[in-house]
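Before any comments, here is the structure.
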2 protein chains.
Amino acid sequence: MDRKHGRTRDGGTTRDGGASRRRGPELEDAILDAAWDVLVEHGYHGFTYEAVAARAGTSRPVLYRRWPQRDDLLLATLTKFWQPIAVPDTGSLRDDAIGFLHNADADRAGMITLMSVQLVDYFRDTGTSLSELRDTLIAPGQATPFEMIVARAVERGELPDVPRSSRVVNLPLDLLRHDMFMTMRAVPEESIVEIVDEVWLPLLGVPRAPPTTSA
Amino acid sequence: MDRKHGRTRDGGTTRDGGASRRRGPELEDAILDAAWDVLVEHGYHGFTYEAVAARAGTSRPVLYRRWPQRDDLLLATLTKFWQPIAVPDTGSLRDDAIGFLHNADADRAGMITLMSVQLVDYFRDTGTSLSELRDTLIAPGQATPFEMIVARAVERGELPDVPRSSRVVNLPLDLLRHDMFMTMRAVPEESIVEIVDEVWLPLLGVPRAPPTTSA
DNA sequence: ACCGTTAGATACAGTCGCGTATCTTAAGGA
DNA sequence: TCCTTAAGATACGCGACTGTATCTAACGGT
C-alpha cells in the first residue's frame with residue numbers, strides 16, 4: 001500500500017534510536033515517567049496521548065491499550081508521583097513548621113501543587129475539584145502534616161492541650177498554596193517565615209518575643 | 001461556486017434570526033458580552049474565536065478584524081467585566097469583614113475569581129500569573145479592601161493604631177480565594193465566619209468572648 | 001439616491017489531536 | 001526451536017480550530 005514500516009523510529013526527543021524493545025512494567029514505567037514530564041511541562045492542556053507517546057518514544061496505540069481514557073492515564077501518573085511531603089521533627093514547633101513549608105515549597109511537592117493548578121481543565125471536565133482529588137490521593141483518616149506537628153508540640157509541652165480548629169492548624173499550608181496559586185512560582189523563604197511567625201504562631205498563642213507569660 | 005449566501009443566519013443559540021445588522025460599538029459590546037459568557041462557562045480552554053463568534057451570532061472574521069490575537073480579545077473582555085467588589089461600611093470591623101467576604105463570594109466577583117482559575121493556560125502561555133493580572137487590572141496605589149476596613153476600624157477606635165503586616169490585614173481574602181481555588185465553588189457562609197472569627201479577629205487582637213482584658 | 005464602509009456568510013488550506021485498524025517483528029516462555 | 005504475545009509503526013477518517021480570502025448586502029452619512 002505505502003511505506004509499510006520503514007524502521008524510522010527517531011520519535012523525537014527521548015528514546016534512543018536503539019533496537020531494544022521494552023515490555024510490560026518496564027515500558028509502563030517509562031510511559032508514566034514521560035507522562036509526568038509532559039504534565040509538568042505543558043499542563044493538562046498539553047497532556048495528550050500524542051505528546052505522551054512521543055515523549056516516551058512509543059506510539060499512541062500502546063497507550064490506548066493500557067489506558068483507554070485520558071483520565072486513566074492521568075490518574076495512573078498522579079498516583080505514581082504523588083508522594084507525601086516530608087514532615088521534619090526538630091523538637092521545635094517553629095522549626096517544624098518552617099521546615100515543612102520549605103519542603104512543600106522546594107521539593108517536587110511544590111511542583112505538584114503548581115501542576116495541580118494546571119489541572120483546572122480536568123476539574124472542569126469531570127466536575128471535581130482540587131480538594132476532592134487530594135482526598136482521593138491521600139490516605140483516608142490520615143493526620144495532616146500540621147496536625148502531626150501540633151500534636152508533637154503538645155506532647156513536648158510546647159503547646160497547651162486544648163482543642164483547635166482544623167482551619168487554624170492547617171493554615172500555613174493553605175497560605176503557602178495560595179501564594180503558589182497566585183504567583184505560579186516557588187514561594188520565597190521570607191514569605192514562609194512570615195506565615196509562621198506573623199500568622200500561625202501568634203494564632204496558637206505563642207508569643208513572638210521571649211515568653212513573658214503575661215501578667 | 002456554491003450557495004453564495006443563503007440568509008441562513010440562525011447561528012445557534014444567541015442571536016435572534018432577525019434581519020438587523022449591528023455595527024460599531026453596539027456590535028463590539030455584544031461580542032464582548034458573548035466572550036465573557038464563553039469564558040465563564042468554558043474557561044480559557046474553550047475561549048476560541050469559533051465559540052465566541054457563534055455565541056455572539058457573528059462570524060470569525062469580524063472578531064479577527066478587531067482583535068487579531070486571542071490575548072487582545074481576552075484582555076478586552078476582562079477589562080470590561082472586571083469590577084471592584086463592594087466594601088460595606090457597617091460601623092463594625094467584624095461585620096465589614098464578613099460582609100465583604102460575602103460580597104466577594106456571592107457577587108459576580110466570586111465568578112471572577114473562579115474564572116481566573118480557568119486562565120491558568122493563559123498564564124502558561126504568557127508566562128504571567130494571577131497576581132500580575134490582578135495588578136494590571138486594579139488601580140495602582142489603591143488601598144486593598146481590607147486595608148480600608150482596618151483603617152476605618154482604627155478611626156473608630158475599634159482597633160489600636162499600630163503597624164500591621166499586609167499579610168495579616170489581607171488574610172481573609174487570601175483564605176477565601178484559597179477555598180475557592182480548592183473547591184471550585186462558592187464558599188459557604190460558615191467558612192467565611194470561621195475565617196473572620198477564628199483567624200482574623202484573634203490575629204488582630206480582638207477577643208472572641210466579651211473582653212476579659214486578661215489578668 | 002448614491003456610495004463607501006463593514007457585517008456577516010462562506011470557503012479553503014492547514015494543523016493537531018482523536019480513536020481505531022492493520023501489519024510487522026521483537027521478545028520471551030515452553 | 002517454535003509460537004504466542006504485544007510493541008511499535010503506520011494509515012485513515014474524523015472533528016475542532018486557525019487564519020485568510022472572497023463575496024454580498026445592509027447600514028449610514030452626504
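Naming convention: chains lettered A, B, ... in sequence-line order (proteins, then strands); numbering from 1 in each chain.
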- Query: OP1 or OP2 of C:dG8 sitting under 4.0 Å from any side-chain N/O of B:Thr58?
  - Reply: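 For C:dG8, OP1/OP2 do have a side-chain N/O of B:Thr58 under 4.0 Å.
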
- A:Glu26 or A:Phe47, whichever maps to the more 5' nucleotide of DNA chain C: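 Final value for this comparison: A:Phe47.
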
What is the distance, rounded to the nearest whole Å, between atom [atom1] of [X] and atom [atom2] of [N]?
| X | N | atom1 | atom2 | value |
| --- | --- | --- | --- | --- |
| B:Glu50 | C:dA11 | CD | P | 14 Å |
| A:Arg23 | D:dA7 | CZ | P | 6 Å |
| A:Tyr49 | D:dG8 | OH | C1' | 17 Å |
| B:Arg22 | D:dG28 | CZ | P | 13 Å |
| A:Arg70 | C:dG19 | CZ | P | 8 Å |
| A:Leu27 | C:dG28 | CG | P | 12 Å |
| B:Asp71 | D:dT18 | CG | C1' | 15 Å |

Indicate every side-chain donor-acceptor pair of residues 60-68 of chain B with a distance under 3.5 Å to a residue at least two apart or in another chain.
from    : atom 1 : to      : atom 2 : distance (Å)
B:Arg66 : NH1    : B:Glu28 : OE1    : 2.9

- Residues two or more places apart in sequence or in another chain: which of them pass salt bridge (charged side-chain N to carboxylate O under 4.0 Å, His left out) with A:Asp33? A:Lys80

- Residues forming a salt bridge (charged side-chain N to carboxylate O under 4.0 Å, His left out) with B:Arg94, sequence neighbours excluded: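 Partners of B:Arg94 by the salt bridge (charged side-chain N to carboxylate O under 4.0 Å, His left out) criterion, ordered by chain and then number, come out as B:Asp197.
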
- Item | Qualifying residues under ring-ring contact (aromatic ring centres under 6.0 Å, His included), relative to B:Phe146, sequence neighbours excluded | B:Phe100, B:Trp200

- Neighbours of DNA chain C within residues 59-67 of chain B, by heavy-atom distance under 4.0 Å: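 Those residues are B:Ser59, B:Arg60, B:Pro61, B:Val62, B:Arg65, B:Arg66.
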
- Between C:dT6, D:dT18, D:dA7, spot the one nearest the side chain of B:Thr48, thanks.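 The nucleotide sitting nearest to the side chain is D:dT18.
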
- So how far off straight is the helix from C:dA1-D:dT30 to C:dA30-D:dT1, going by the axes through five pairs at either end, to 10°? 10°

